[in-house]
Amino acid sequence: MTLPDGSRREFPHPVTGAELAAAIGPGLAKAAIAVRVDGKPRDLATVVDRDAAVAVITRDTPEGLEILRHDAAHVMAEAVKELYPGTQVTFGPATETGFYYDFARDEAFTPADLERIEARMREIVLRDEKITREVWKRDAAIAFFRDIGESYKAEYIGEIPEGEEISLYRQGGFVDLCTGPHLPSTGCLGQAFKLMNVAGAYWRGDSRNAQLQRIYGTAWANQKQLDQYLFQLEEAERRDHRRLGRELDLFHMGEEAVGSVFWHPKGWTLFRIIENYIRMRLDAAGYREVKGPLLLDRSLWEASGHWDNFRENMFLAESRDERMLALKPMNCPGHVLIFRNRLRSYRELPLRLAEFGSCHRNEPSGALHGIMRVRGFTQDDAHIFCTEDQVTSESVAICQLLVSVYRDFGFDDVEVKFADRPPQRVGTDAVWDRAEHDLKAAVELTGLPYTYNPGEGAFYGPKLEFNLRDALGRQWQCGTLQLDFNMPWRLGATYVGEDGERHTPVMLHRAILGSIERFIAILIEHYAGRFPLWLAPVQLAVATITSEAAAYAEEVARECTAAGLRCILDTSPEKIGYKVREHSIAKVPLMWVVGRREATNRSVALRRLGGNEQEVLALGEAVARLKGEAAIPCSA
RNA sequence: GCUGCCGUAGCUCAGUGGUAGAGCACUCCCUUGGUAAGGGAGAGGUCGUAGGUUCGAUACCCACCGGCAGCACCA
């Protein structure tokens, strides 16, 4: 046997994975839950009877954890079958944080049922049932599952490709179709799991199929990891932008405009700061800002292809002369119309048209989520009209712009994905070949690492997706760069080339933040509402200790406002402790406390959010320092 | 859109088949206090909306609207 460290062990006879682990050491034997033989995960009971590369999988590795979670799903299924006979089992895989199992049962599982199921699962773990693997013939397996009333399983076995082994796992009275591997016994699962919730899920992920009941659980190698995960969930709840949006008085949502945002003064301040920052970056990068109409004629959407692809999601309106209009769901057709409004020369290319585009999409009600997923939103959109020769340099510039903007907002961890042609698309394969080739060449030039996301491109072209990782380690797709050889042609955009002939330009669609509404939600959760100074809607609170300092405090606040700082003045007759608490809860980053002493020396006592030290500064110095700290970053 | 759960004051929540309560927030008064809640008083609700059952519904039933979780969707 060759071990992962390259060392070799000789055995005169075939050994099981468990025996191999024991031979290496008792500690490993205890932690072992499976083995990998020539790269393939196998049960510990697997007999290795030839030379092979063998690795022992322990419960605290990602691979081991996945096996553990998969077992948790089986144990849950066993518990459900015991408690609710007649329930059918379907699929039950491991997930990133745990597992789920989809069940078919007429009655709904209640929260009380979940408690019963979880309690039964713990019993099954204590029973420490042996888990054994059996290989069955296809027909026998189908007949077996049909006989025990598991029609979903029987249906699925029929679709397993010829030549693939059909393995069943048995634990106690429960038998499930599964490729494995699994733990040696249910006792190895341990008790670090918890059932989370029930929800509907479609059989095989298709909304035309029957809806099943999916029970989600989380499972970990030990109790400490489980506690840590549950704490993370609580932290995510504390940071939830819907809660902080209300607590910080940034925005609200209401029944009067479902799926749209009512921005309050502080939230809109944040919005404008972001918009202005992007504007500054775009000006520097050679973009021209435009503004297109919100309502556009149906014929345009038919020509662009959106009507066929997204009609269901467009808001429609009718003008008094009975023309059908659609509230724009995106900005590209408008930009093409601006482009082709007059004859264009190759000398104008690349032409970079940017817009803070107000878009409306009639999203399904179940998709709405705070200001992350809304029906009315603002894209920081742009379309670059260029020649095919310019695609690479423009794409590289876009990638660099995106990454530097993300850095300014505090996101240093960016992952790029390359999404190629989707099943439903416009344009010929030859055009797609070229587009995919050019876009790939560009991303490779930037040196940014990227992974593939097959079949997820836009219907008119391949795209790069930019994913940001936030403070809780979650990924958010924000930026996108789409290469489009189709839309300009469909909408009749042309330019006059050097040769005096008409040519169709290539179009690059790109957004940096995506939806500004959604990006603000991400920022709120990333920073837990404690924004860096340049983004904070209120940067400074000037608070008095006594009304004797009120006149001086007014002067201080006036000076800050005049210096372009966002400052509030608090001369209310409360004690300073109360004011500190109020502004701390409002997450105002800085406080200047002024009392009799400060009024006399013309100074301020600086207090930072979350800190408890104070620093006394002369007024002029304090203003200068604050201006410096509040400067808008620019990595470019 | 689908499945399940939920909807009582601005917020967080209690409560009952006989038309409602707490804390915080809010308003007013007193307090001028040196770094996360000083004291007092007051105001505030067609119990999501509309039907039904009932002598009587906020409570029970149905529908609709909205929210939450997941699924499906996401140009």
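Numbered from 1 within each chain, the chains take letters A, B, ... in sequence-line order. All values derive from a computational prediction rather than experimental measurement.
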Protein-nucleotides 61-68 of chain B N/O pairs under 3.5 Å:
| from | atom 1 | to | atom 2 | distance (Å) |
| --- | --- | --- | --- | --- |
| B:C65 | O2' | A:Glu255 | OE1 | 3.4 |
| B:C68 | OP1 | A:Arg242 | NH1 | 3.1 |

Where at least one partner belongs to [range], residue pairs that pass salt bridge (charged side-chain N to carboxylate O under 4.0 Å, His left out), sequence neighbours excluded:
range                       : value
residues 581-599 of chain A : A:Glu548-A:Arg596
residues 298-310 of chain A : A:Arg298-A:Glu302
residues 325-338 of chain A : A:Lys328-A:Glu355

Scan [X] against the nucleic acid and name what it touches under 4.0 Å (heavy atoms): base, sugar-phosphate only, or nothing.
X        : value
A:Ala543 : nothing
A:Arg607 : base
A:Asn197 : sugar-phosphate

query = Which of residues 586-601 of chain A sit near RNA chain B, with a heavy atom under 4.0 Å from it?
reply = A:Val593, A:Gly595, A:Arg596, A:Arg597, A:Glu598

request  = Identify, residue by residue, the members of residues 94-106 of chain A with a heavy atom below 4.0 Å from RNA chain B, and return them in order of residue number, or none.
outcome  =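 Result for residues 94-106 of chain A: none.
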
Value in whole Å for how far the C1' atom of B:C11 lies from CZ of A:Phe251 =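 That distance rounds to 15 Å.
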
A:Arg238/A:Glu235 salt bridge by N-O under 4.0 Å criterion = yes

request  = Would you please name every residue forming a salt bridge (Lys or Arg N to Asp or Glu O under 4.0 Å) with A:Arg434, sequence neighbours left out?
outcome  = A:Glu388

query = According to the Watson-Crick and G-U wobble definition with distances under 3.5 Å, which dot-bracket string, read 5' to 3', encodes RNA chain B, using [ ] for crossing pairs and | for pairs with another strand?
reply = (((((((..((((....[..)))).(((((.......))))).....((.((..]....)).)))))))))....

request  = Go through the structure and list residues passing ring pair (Phe, Tyr, Trp, His ring centres under 6.0 Å) with A:Tyr452, not counting sequence neighbours.
outcome  =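 Testing A:Tyr452 for ring pair (Phe, Tyr, Trp, His ring centres under 6.0 Å), a comparison that skips the adjacent residues, returns A:Phe418, A:Tyr450.
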
Scan nucleotides 40-46 of chain B against the protein and return all N/O pairs shorter than 3.5 Å with their distances rounded to 0.1 Å.
none

ask   = Which pairs, with at least one residue in residues 249-261 of chain A and sequence neighbours excluded, count as a side chain to side chain donor-acceptor pair (under 3.5 Å)?
value = A:His252-A:His264

ask   = Can you check salt bridge (Lys or Arg N to Asp or Glu O under 4.0 Å) on A:Glu525 and A:Arg474, steps first, answer last?
value = CA-CA 10 Å; A:Glu525 301 196 354; A:Arg474 301 170 300 183; 3.2 Å; yes

key: Stepwise side-chain hydrogen bond (donor to acceptor under 3.5 Å, both in side chains) check, A:Asp484 with A:His509   = CA-CA 7 Å; A:Asp484 181 0; A:His509 307 240; 2.8 Å; yes

Check nucleotides 72-75 of chain B against the protein and report each pair of N or O atoms closer than 3.5 Å, with its distance, or say if there are none.
| from | atom 1 | to | atom 2 | distance (Å) |
| --- | --- | --- | --- | --- |
| B:A72 | O2' | A:Ser207 | OG | 3.4 |
| B:C73 | O2 | A:Arg373 | NH2 | 2.7 |
| B:C73 | N3 | A:Arg373 | NH1 | 3.1 |
| B:C74 | O2 | A:Arg373 | NH1 | 3.2 |
| B:A75 | O2' | A:Tyr460 | OH | 3.2 |

query = Which pair of non-hydrogen atoms, one from A:Val374 and one from A:Gly259, has the smallest distance, and what is that distance?
reply = CB-O, 3.0 Å

